[in-house]
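Each residue takes its place number in the sequence, starting with 1.
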Amino acid sequence: MGRRKKMVERVTVLMNEPENVRNIGIVAHIDHGKTTLTDNILAGAGMISKELAGRQLFTDSDAEEQERGITIDSACVSMVHEFEGDEYLINLIDTPGHVDFGGDVTRAMRAVDGAVVVVDAVEGTMPQTETVLRQALKEHVRPVLFINKVDRLINELQVDSQEMQVRLGKVIDHVNKLIKGMNEEKYKAGWRVDAAGGTVAFGSALYNWAISVPFMKKSGIGFNDVYNYCKDEKQNELAEKCPLHEVLNDMIIRFLPNPLTAQADRVNVIWHGDKESTEGKDMLNANRDGDVALMVTNISLDPHAGEVATGRLFSGTLKRGMELNVSGSVKTNRLQQVGIFMGPERLEVEQIPAGNIAAVTGLKDAYVGATVSSKDDMIPFEEIQHASEPVVTVAVEAKHMKDLPKLVEVLRQVAKEDNTLKVTIDEETGEHLMSGMGELHLEVIGHRIERDKGVEITTSPPIVVYRETVQKHAGPVEGKSPNRHNRFYIEVEPLDSSIVDLIKSGEVSMRMPELERREKFMEAGFEKVEAKGVTHIFESNILIDTTKGIQYLSETMELIIDGFEEVMKAGPLTREPCQGIRVTLVDAKLHEDAVHRGPAQVIPASRQAIQAAMLMADDTLLEPYQKVFIQTPQTNMGGATSEIQGRRGIINNMSQEGDMTIIESKAPVAELFGFAGDIRSATEGRAMWSTEFAGFETLPASLLKEIVVQIRQRKGLKSEVPKASDFVGQ
């Protein structure tokens, strides 16, 4: 207990010295060794015993994580390290590598300023490495590289010292190629990883040793020595001479930015308010005396204290009892406890100043991505943009009727904790639908509801989430209000894919200053009138108003937007969400009396006009695809390729590495259910495979009718395919 108290005292002192704080994330592809590496860093800080490092998996505290041997939740740890006679506070987040939990990585990147990218020396950079690196660079998080499992190159692949260095060089070159391709400006500004410069380390997290060029100079141990130690099975001696935590912390402390340096750059990317305003300057300078600006990046449940919101504090100081505002909520929330995480434990502290990662209770209205401030009119931070989208849905029911009210509460809670999960209630069937990133994601959430929340549930087999879109221009279509006094004239057409990408990447949003947004749209090919008329953006759909001088329209616009949103959430063909649609209001006739143009008149009129126009514009379905990467011995290659081709898959590339074949392919999510079992039997269990979200593609015309009817029947709609005349009278 005394040791813990001493640790809290050291952490509390260092929190107030922003130059000595580092907020970092550990990111990598699944099974490349992030959690094992985290253990080593913790052992170096004296938080777990050195003997257990790499085997205890301290940050995988959840029973399901231990059982499956993978990280599911990001875990945060604050610890103190000594470097060149000074003490530093490292707030570290260990993130998942499995594609289904990519949302956790994205959220963690908002909280940190630097990332240690871990790459397996044998496998090299993998799809998920690319995804997490892209996420980090988008959030202006600076990367350093750790190449793990070097011992496997030597002992399993039997490469010689020369070949080992060539292979490691290839990994570094590939990572730099990715950095340059994703953010050339940062690459040129010195963000490339460079072994000679000290931003790359090599080692084995399992055997607790590492080496970097600066450490070689310090210790006199070179690549050949490392090779010989591994060959002679003396890795424990190597670990004593080159302890992993020391090499890694040198790299983290020396090359990753402190909050003062980082926020001066990052706030420009994640906050679109006025940088010259008081709160803008406070955040750019991490001013602890300014207004509180906290970005919530994680929500977890503590059985004793209730909801714990973890987030990055950009300005101000958090103290117990403070009254704070949560974006999107009217009432203020009162802070009950302020603390820091040490893996699974949360330790209370008196206060937390700007530049740190804080864990607080009492923010009842907080959700992941919320902006919490002591000001009531603070412009919120940019929404966290996820690389993937929910593509698989299951219907969830309570096993026992008495648990039904509790189930509703629990589903609300899990959606709050994980914003890559979408929970909806189907009004017609009364089903609770849960949409997630993949089969595993939903399976884990389902287990968690039963285990942690104590509600027994049954889930339906997984169903794919499609998207509706249009293929050509249609309109103007007239929508009349039920009382016939208001008319709206609507045109729809597909949105250019470059504009959809702009919206999805968060480069344009309704939160931006109007002028800035207008310029972005004009650069992307909109005419001035259209760019000026952008009235609403919902997911990747846009509502444009090109009317001129229509009386009362400004008062009615909110209701038209409501009608637009209703259709975009559930399109006319199958009630699936819409994507990439541009809806233009070209004319309107409104009744002068406000009584005759209320919600009951305007919403149905605008909604039906959009629905009819979409059906005239060749409304079709987009289905989600996943990239599938398979590594298999050459002898089993035939089984793997026929497995992909039998699922409407396309093989994009095949390459050889030694006796292994690497197949890069993509296939529709609808065809990938049960893929895990089938690929094992097709390759005698020898294939390693991983998937990554690859976006949406148009459903083949030959399958369209069959799938539309299936979805409509499942949702309890009429099985006939709807026509435009069903929505607007001729």
Just so I know, are the side chains of [X] and [Y] near enough to count as touching, which here means a heavy-atom distance under 4.5 Å?
X	Y	answer
L615	P722	yes
V721	L573	yes
L137	W191	yes
E516	P513	yes
E519	M522	no
K705	Q710	no
T310	I299	no

Applying salt bridge (Lys or Arg N to Asp or Glu O under 4.0 Å), run through K715 and E576 and close with a yes or a no. CA-CA 10 Å; K715 292 186 173 183; E576 293 285 271; 2.5 Å; yes
When rounded to the nearest 0.5 angstrom, what is the spacing between [atom1] in [X] and [atom2] in [Y]?
X	Y	atom1	atom2	value
L284	E279	CG	CD	11.0 Å
F314	R266	CZ	CZ	5.0 Å
E530	I542	CD	CD1	10.0 Å
L543	L585	CG	CG	7.0 Å
N653	S665	CG	OG	10.5 Å
M182	R134	CE	CZ	4.0 Å

Any donor-acceptor pair under 3.5 Å linking the side chain of [X] with the backbone of [Y]?
X	Y	value
Q263	M283	yes
S374	V292	yes
D618	K472	no
Q626	P668	no
W271	I379	yes
S509	R511	yes

Donor + acceptor pair across side chains of [X], [Y] (<3.5 Å):
X	Y	answer
T547	D587	no
Y367	S329	no
T574	E468	yes
Q601	H485	no

Selection residues 597-618 - residue pairs positive for ring-ring contact (aromatic ring centres under 6.0 Å, His included), sequence neighbours left out: none
Tell me whether R607 forms a cation-pi arrangement with F564, defined as NZ or CZ under 6.0 Å from the six-membered ring centre and within 45 degrees of its axis. no
Test: R487 cationic atom under 6.0 Å from Y489 six-membered ring centre, within 45° of axis: no
Please test K480 against E478 for salt bridge (Lys or Arg N to Asp or Glu O under 4.0 Å), starting from the C-alpha separation and ending with a verdict. CA-CA 6 Å; K480 300 188 195 82; E478 181 187 62; 3.5 Å; yes
Name the one of K186, K275, R142 that satisfies salt bridge (Lys or Arg N to Asp or Glu O under 4.0 Å) with D265? K186
Proximity of Y466 and F696 rings by center, below 6.0 Å: no
Only one of D376, D365, N325, V326 clears side-chain contact (heavy atoms from CB on, under 4.5 Å) with T332; which? N325
With sequence neighbours left out, what residues match R484 under salt bridge (Lys or Arg N to Asp or Glu O under 4.0 Å)? none
Who passes salt bridge (Lys or Arg N to Asp or Glu O under 4.0 Å) against E507, sequence neighbours left out? K520
R597 vs E555, salt bridge (Lys or Arg N to Asp or Glu O under 4.0 Å): CA-CA, chis, key distance, verdict: CA-CA 10 Å; R597 48 182 163 82; E555 300 164 32; 3.2 Å; yes
Evaluation steps, side chain to side chain contact (heavy atoms under 4.5 Å, CB included), between L699 and L622: CA-CA 5 Å; L699 188 71; L622 297 170; over 6 Å; no
Taking the six-membered ring for Trp, are F521 and F526 parallel (under 30°), tilted (30 to 60°) or perpendicular (over 60°)? parallel
